[in-house]
Amino acid sequence: MSEGHILCLLDEDGEKAVVDHALAARNYHLEFAEKSDEAVASGLVHPADLLLMRVRQRKTDGKLIKTIRRHHPSDDLPIVVVVDEGDESLIEYCLECGADDFITAPLHGFQLLPRLRSQLARARAVAAGRVERERFALAVAGSSDGIWDLRLDDDALFMSARCYDLLGRGNEDGLKSLDDWLAIIHPDDVDQFHVELRNHLEGVTLSLQMECRMLHKNQTYRWFLVRGIGQRSNAGKAFRVAGSLTDISERKLTDAMTGLPNRIVLYDRLNQTIVKNRRKASANFGIILLQIDRFETMREAYGQVFCDAVQKVVAQRLVGTLRTTDTLTIMGENTLCVLLDVMRDDTDLVRVSNRVRAAAEEPITLGDESVMLSLSIGMAQAQAHHQSAEDIIRDATAALNKARAEGGGQEVVFDPDMQRRARDRLRIEAELHLALRRQELLLLYQPIVDLKTGQIAGFEGLVRWQHPQRGMISPMDFIPIAEETGLIIPMGTWVVQEACRQARVWLDQGVNPNLFISVNVSSRQLDGPALPEIVRQSLRENRIGPSHLKLEITESAVMRDFEVTLKLLGRLKEIGVGLSLDDFGTGYSSLSLLRRLPIDTLKVDKSFVSAMRGDESGVKMVEAILQLARLFGLKVVAEGIEQAEEEGLLKERACDFGQGWHYGKPLPQETCLQLMRDQQAAQMRAAR
């Protein structure tokens, strides 16, 4: 049965789409028409339950509202107008012409549905008052909903026999006043009930409508939809409220797709289990959170309907693996939870986890498609500090996140250090936002040496965080967080600007006129088109040539979206800056990669450099990289040189540049300047 016939006089496709999405799926009959005489005439001959009308022009739209209102009173056809936000005068005029309510554009489904539903409920409630008592009594008797009636002057409450049936009670249970009713409402819902009732009585809302839990006589709480409307005096004061009571427990507590109990049930059962175990010497229960790995990828490949079907199959399989004491619930899309209410020992979590993994990871065939799944699993066993369901779910979620971070297909049991690390991570993320504003970041510079001359050819600028309380924070502790949150983009911009500024300072000091500074470019910076303009502006503002700046990119960053990155690197090459391929040999190295990338330098990873000591195969690997670089006309920087032996081997093979602790750790700019001056002085003495 349709929830209502709504005639929509809307002139924008976007607004029609919002209305259709919000209402069609909820069993409303929608009729879309144009604001023309024919449409109005049609509406007058076959009136709808509610008219939703877009209003733009005071004169013409106001006239149309008045025309409709002359034929249909408000109780017969509520009119809700859609008005641009901020046009209060037009809203006031429409209400004067006979409109019942308004909604401001742009439209939102969560706003639209309650407004229209309340108007329909109001109209129906008023219409119901005109129906003969016998017909009303017959409708009540045939309804599955309960009927209630509250007189406000003496607080007298009437509940129909159906209300008592829904609550498992009888007349002897004495629900005779509002206080009696409030006494059976769940403590967590009482305040909201008060708020909703007060708002309706004071005229804030057109009808009373809320969902709450009520205590059944069997001592379990069930979910009900409470709806009602007030009867008011001529002065507008409510003196009576009547409405209906609908049991929505099945809908409220069950996931429609999988048929599993939902998170409301999980929280309720977890809290009951926690209370039950407080009376014991030690709690012995736990939960397992499960997620399908690469779920988003599967959705992109096969669509949402396919993913829903997969999740339903997984749920059915898991139910068959669980013990009668275990509870499987769904917390949301792609997150299932197993509550182990009874655990024989500490290994039960892992034992059950292994069973559900084995069942879920069997091949699934739907139609012509077959998929193999893997699960990420996070587990938490009850501890003394778990005082609520939220506490133990938080810990299991931390374990699940760690399992996902390890690449999927993993299972992790929560430990307290995991929570500490998660909190530290969030703290660093919050403080990192402030670090950019407070200028707490700085660059240290590691020398890059020309292996032919032994002179400093340039530096690699390495970002550090000088925290006011914690001191120097390692980049390993904040760079991954910056990458994940997107802060790496403004941070990378600052690094480019600071490197150019420092190059200008050193050049003004009369040091090596061919000096360059290399900086790392994040994969996130390569995702957008802004980097070339940032580089160009930094060079221009600091009055340095592009040869003084080198940008280092990793192979993995290049391969994220090769064609897009290739175009971006081409734009950077046009500016004239140097481009280095960092960590060469550890990723996707190939001849085709080197042939197509507009780079001028390879940086050999330190793992290859260290492998040269006493290992002929390591030496041959570096020789092969050097030969490959010469084939493509590229310079080579060997990273991670720590010993004279490594330096000697590289010199013998005509490697161009070296970098590593053998030449110096990352240094502040004052120390770097002194190093360059000392080299200049030594050269001058040698020239004499």
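All values below come from the heavy atoms of this structure, side chains included, with hydrogens, waters and symmetry mates left out. The shown structure was predicted, so the numbers you read here are calculated from the model rather than taken from an experiment.
Partners of Glu642 according to the side chain to side chain contact (heavy atoms under 4.5 Å, CB included) rule, which considers only residues two or more places apart in sequence or in another chain, are Glu646. Remark: Lys665 pairs with Trp661 by the side chain to side chain contact (heavy atoms under 4.5 Å, CB included) rule, at least two apart or across chains. Applying the side chain to side chain contact (heavy atoms under 4.5 Å, CB included) criterion to Glu483, with sequence neighbours excluded, gives Ile479, Ile488, Ser522, Ser523, Arg524. A search for salt bridge (charged side-chain N to carboxylate O under 4.0 Å, His left out) contacts involving Arg222 returns Asp247, not counting sequence neighbours. Contacts of Phe295 classified as ring pair (Phe, Tyr, Trp, His ring centres under 6.0 Å), with partners at least two apart in sequence or in another chain: none. Residues satisfying the ring pair (Phe, Tyr, Trp, His ring centres under 6.0 Å) test with His194, not counting sequence neighbours, are none. With sequence neighbours left out, His21 forms a side chain to side chain contact (heavy atoms under 4.5 Å, CB included) with no residue at all. Considering only residues two or more places apart in sequence or on other chains, Tyr302 meets the ring pair (Phe, Tyr, Trp, His ring centres under 6.0 Å) condition with Phe306. Here Asp326 pairs with Arg323 under the salt bridge (charged side-chain N to carboxylate O under 4.0 Å, His left out) rule; sequence neighbours left out.
Interatomic distance, CD of Gln410 versus CG of Asp293, reported as 9.0 Å (0.5 Å rounding). Interatomic distance, Phe224 CZ to Met214 CE, rounded to the nearest 0.5 Å: 6.5 Å. With values rounded to the nearest 0.5 angstrom, Ser607 atom OG is found 12.5 Å from Met612 atom CE. Here Glu552 contributes atom CD and Ser518 contributes atom OG; the two are 4.5 Å apart, rounded to the nearest 0.5 Å. The distance from the NZ atom of Lys567 to the CG atom of Leu526 is 15.0 Å, given to the nearest 0.5 Å. In this structure, Gln291 CD and Leu400 CG are separated by 4.5 Å, a value rounded to the nearest 0.5 Å.
The shortest side-chain heavy-atom distance between Met331 and Leu289 falls under the 4.5 Å cut-off. Using a 4.5 Å heavy-atom cutoff, the side chains of Ile553 and Leu569 are in contact. Between Tyr28 and Asp20, the closest side-chain pair of non-hydrogen atoms is not below 4.5 Å. A 4.5 Å side-chain heavy-atom check between Thr327 and Val338 finds every atom pair outside the cut-off. Side-chain contact between Glu362 and Leu373 is absent, with no heavy-atom pair separated by less than 4.5 Å. Using a 4.5 Å heavy-atom cutoff, the side chains of Leu436 and Leu441 are in contact. Put simply, the side chain of Phe414 does not reach to within 4.5 Å of the side chain of Ile392, judged on heavy atoms. Side chains of Arg169 and Leu215 form a contact here, defined as non-hydrogen atoms less than 4.5 Å apart.
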Could you pull out every donor-acceptor pair under 3.5 Å between side chains of residues 467-478 and any protein atom, sequence neighbours left out?
| residue | atom | partner | partner atom | Å |
| --- | --- | --- | --- | --- |
| His467 | ND1 | Gln469 | N | 3.0 |
| His467 | ND1 | Arg470 | N | 3.1 |
| His467 | NE2 | Glu431 | OE1 | 2.8 |
| Arg470 | NH2 | Glu431 | OE1 | 3.3 |
| Ser474 | OG | Met476 | N | 3.2 |

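Side-chain atoms of Arg355 come within 3.5 Å of backbone N or O of Thr321 as a donor-acceptor pair. The main-chain N or O of Gly332 is never found under 3.5 Å from a side-chain atom of Thr335 such that the two would form a donor-acceptor pair. Judged by distance alone, the side chain of Asn262 and the main-chain N or O of Ile330 form no donor-acceptor pair under 3.5 Å. Judged purely by atom type and a 3.5 angstrom limit, Thr493 uses its side chain to pair as donor or acceptor with the backbone of Ile489. Judged by distance alone, the side chain of Asp605 and the main-chain N or O of Phe608 form no donor-acceptor pair under 3.5 Å. With hydrogens and angles ignored, the 3.5 Å screen pairs a side-chain donor or acceptor of Asp391 with a backbone N or O of Gln387. Judged purely by atom type and a 3.5 angstrom limit, His108 has no side-chain atom pairing as donor or acceptor with the backbone of Phe110.
A donor-acceptor pair shorter than 3.5 Å cannot be found between the side chains of Thr554 and Asp582. A donor atom on one side chain and an acceptor atom on the other are found under 3.5 Å apart for Ser353 and Glu411. With no hydrogens or angles considered, no side-chain donor-acceptor pair links Asp341 and Thr325 at under 3.5 Å. No hydrogens or angles considered: a donor-acceptor pair under 3.5 Å links the side chains of Lys603 and Gln659. Under 3.5 Å, the side chains of Glu460 and Asn520 contain a donor-acceptor pair of N or O atoms. Using modelled atom types, one finds a donor on one side chain and an acceptor on the other under 3.5 Å when comparing Trp465 with Glu440.
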Intermediate values then yes/no, side chain to side chain contact (heavy atoms under 4.5 Å, CB included), Asn271 and Ser388: CA-CA 6 Å; Asn271 284 323; Ser388 68; 4.1 Å; yes
Derivation and outcome, side chain to side chain contact (heavy atoms under 4.5 Å, CB included), residues Leu336 and Leu318: CA-CA 10 Å; Leu336 299 171; Leu318 298 192; 3.7 Å; yes
Check against side chain to side chain contact (heavy atoms under 4.5 Å, CB included), Arg162 and Asp145: CA-CA 7 Å; Arg162 180 58 180 162; Asp145 295 343; 5.8 Å; no
Side chain to side chain contact (heavy atoms under 4.5 Å, CB included) assessment of Thr397 paired with Ile393: CA-CA 6 Å; Thr397 301; Ile393 289 174; 3.9 Å; yes
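Between Arg26 and Glu3, no side-chain nitrogen of the basic residue sits less than 4.0 Å from a carboxylate oxygen of the acidic one, so the salt-bridge criterion is not met. Under the 4.0 Å criterion applied to side-chain N and carboxylate O atoms, Arg394 and Glu390 are not assigned as salt-bridge partners. For Glu563 and Arg596, the salt-bridge test passes: some basic side-chain N is under 4.0 Å from an acidic carboxylate O.
By the neighbour-count criterion of 12 heavy atoms within 6.0 Å, atom CE of Met210 is densely surrounded, having more than that number from other residues, nucleotides or ligands.
Taking each heavy atom of Leu166 and His216 in turn, the nearest pair found is O-CD2, 3.5 Å. Of all non-hydrogen atoms in Leu182 and Val190, the two that sit nearest each other are O-CG2, 4.0 Å. The two residues Pro114 and Gln111 have their closest heavy-atom pair at CD-O, 3.5 Å.
Applying the side-chain hydrogen bond (donor to acceptor under 3.5 Å, both in side chains) test to pairs two or more places apart or on separate chains, those with a residue in residues 306-319 are Gln304-Asp308. Residue pairs that meet the salt bridge (Lys or Arg N to Asp or Glu O under 4.0 Å) test with at least one member in residues 372-388, sequence neighbours left out, do not exist here.
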